[in-house]
Q: 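Take a look at this one; I'll ask things after.
Numbers here simply count residues along the sequence, with the first being 1.
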Amino acid sequence: MGPVAVINRKRSLLSALGRWTAELVLVFVSVYAAFWLNNYQQHRQDAERRDQILAALEQQLHEGIESGKANRAKQEQKAANFRRALEAGEMPPLQPFVFTTDYSPSDLATMLQSGGVQLLDVQTLMAVRNDESVIRWGLSRMAWYQKLSDELIVPNLDQDVSFFYDPATKKLRKRFEIYPQALDANVQFANELERTHTNLLKQIQAERQQNR
């Protein structure tokens, strides 16, 4: 084989190697670009989903705080009026203790299971859990007071005032001392709920601002 043939053969091999290298680089770039685009799209989708969840929580908290303030004012007035009359020896009548709420733990669980656990900041999740803990504990207390009311007060509403009070001291009989306690506990629960709702709202707003 002559020198010219050898040179041509080397050039052919180099050309083939160059084409193969170029094709390999092109494939790598294409795969990387597709991977980057997929990650970018997934990141955008996650960001949009996170903001949707945070926006929904923020709206619920705004509404909860506003309605809670109105309810707390009523409960504070009711508890204060009863305490004032009781301390004045007026023997104010007892009423059934009723606590109603539209809270459903499944609503929050569904929202978190739909992606919130993976998308939200750890601090936000901790604030959510703390808020939910306050709600559960408060509802448990309210349910206990309502049960006592149903057992001790409701069946005896037609009784004379002396059934509930000692006429000599004008103080509640011992088994009915839970009534003003229940009124105070209702106010305390409203205050605790507003505090944790406000803390959670601030954390959510901070996370939304951080991710914009």
Q: Are W144 and V187 connected, step by step, through hydrophobic side chains (Ile, Leu, Val, Met, Phe, Trp, Tyr) whose heavy atoms are closer than 4.5 Å?
A: no

Q: What's the spacing between R208 CZ and L57 CG if we round to 0.5 Å?
A: 10.0 Å

Q: Strictly distance-based, threshold 3.5 Å: is any side-chain N or O of N130 a donor or acceptor partner for the main-chain N or O of M126?
A: no

Q: Could you pull out the closest heavy-atom pair between R83 and Q181, with the gap in Å?
A: NH2-N, 4.3 Å

Q: Determine, using the 4.5 Å side-chain heavy-atom cutoff (strictly less than), whether W137 and M142 are members of one ILVMFWY cluster.
A: no

Q: Okay, side chain of R173, backbone of F164: is any donor-acceptor separation there less than 3.5 Å?
A: no

Q: Indicate the ring-plane relationship of F97 and Y145, choosing parallel, tilted or perpendicular according to the 30° and 60° boundaries.
A: perpendicular

Q: Would you check if L125 and V122 make a side-chain contact, meaning some heavy-atom pair closer than 4.5 Å?
A: no

Q: State plainly whether one hydrophobic cluster holds both F176 and L157, where clusters connect Ile, Leu, Val, Met, Phe, Trp and Tyr through side-chain heavy atoms under 4.5 angstrom apart.
A: yes

Q: When you compare the side chains of E48 and Q52, does any donor N or O come within less than 3.5 Å of an acceptor on the partner?
A: no

Q: Has K78 got more than 12 heavy atoms of other residues, nucleotides or ligands less than 6.0 Å from its NZ?
A: yes

Q: State the CD-CD1 distance between Q59 and I204, to the nearest 0.5 angstrom.
A: 12.0 Å

Q: Which distance, rounded to the nearest 0.5 Å, do you find between the CG of L94 and the CD1 of I153?
A: 4.5 Å

Q: Nearest 0.5 Å, please: how far is CD1 in I178 from CD in E151?
A: 9.5 Å

Q: Minimum heavy-atom separation for L61 to H197, with atom names?
A: CD2-ND1, 3.6 Å

Q: Any non-hydrogen side-chain atom of H62 less than 4.5 Å from a side-chain atom of E66?
A: no

Q: How close do F189 and V134 get, counting heavy atoms only, and between which atoms?
A: CE1-O, 3.5 Å

Q: For the residue pair D131 and N199, establish whether any side-chain heavy-atom pair is separated by less than 4.5 Å.
A: no

Q: Report the distance from atom CD of Q205 to atom CG of L200, rounding to the nearest 0.5 Å.
A: 10.0 Å

Q: Please report the shortest heavy-atom distance between Y179 and Q95, naming the atom on each side.
A: CE1-O, 3.0 Å

Q: Which atoms form the tightest heavy-atom contact between F82 and P93, and what is the distance?
A: CE1-O, 3.8 Å

Q: Between the main-chain N or O of Q123 and the side-chain N or O of Q203, is there a donor-acceptor pair closer than 3.5 Å?
A: no

Q: Under 3.5 Å, is there a donor-acceptor pair between the side chain of S67 and the main chain of E63?
A: yes

Q: State, with a plain yes or no, whether a side-chain heavy atom of R50 is found less than 4.5 Å away from one of L54.
A: yes

Q: When you look at N186 and R141, which way does the side chain to side chain contact (heavy atoms under 4.5 Å, CB included) test go after all the steps?
A: CA-CA 9 Å; N186 198 355; R141 282 190 300 165; over 6 Å; no

Q: If every non-hydrogen atom of E177 is compared with every non-hydrogen atom of L172, which pair is closest and at what distance?
A: OE2-O, 4.0 Å

Q: Heavy atoms, side chains only, cut-off 4.5 Å: are R129 and E132 in contact?
A: yes

Q: So, taking the atom named OG1 in T196 and the one named CD1 in I135, what distance separates them when rounded to the nearest 0.5 Å?
A: 6.5 Å

Q: Is R175 positioned over the aromatic face of F163, cation under 6.0 angstrom from the ring centre and no more than 45 degrees off axis?
A: yes

Q: Does E58 reach the side chain of D51, with side-chain heavy atoms less than 4.5 Å apart?
A: no

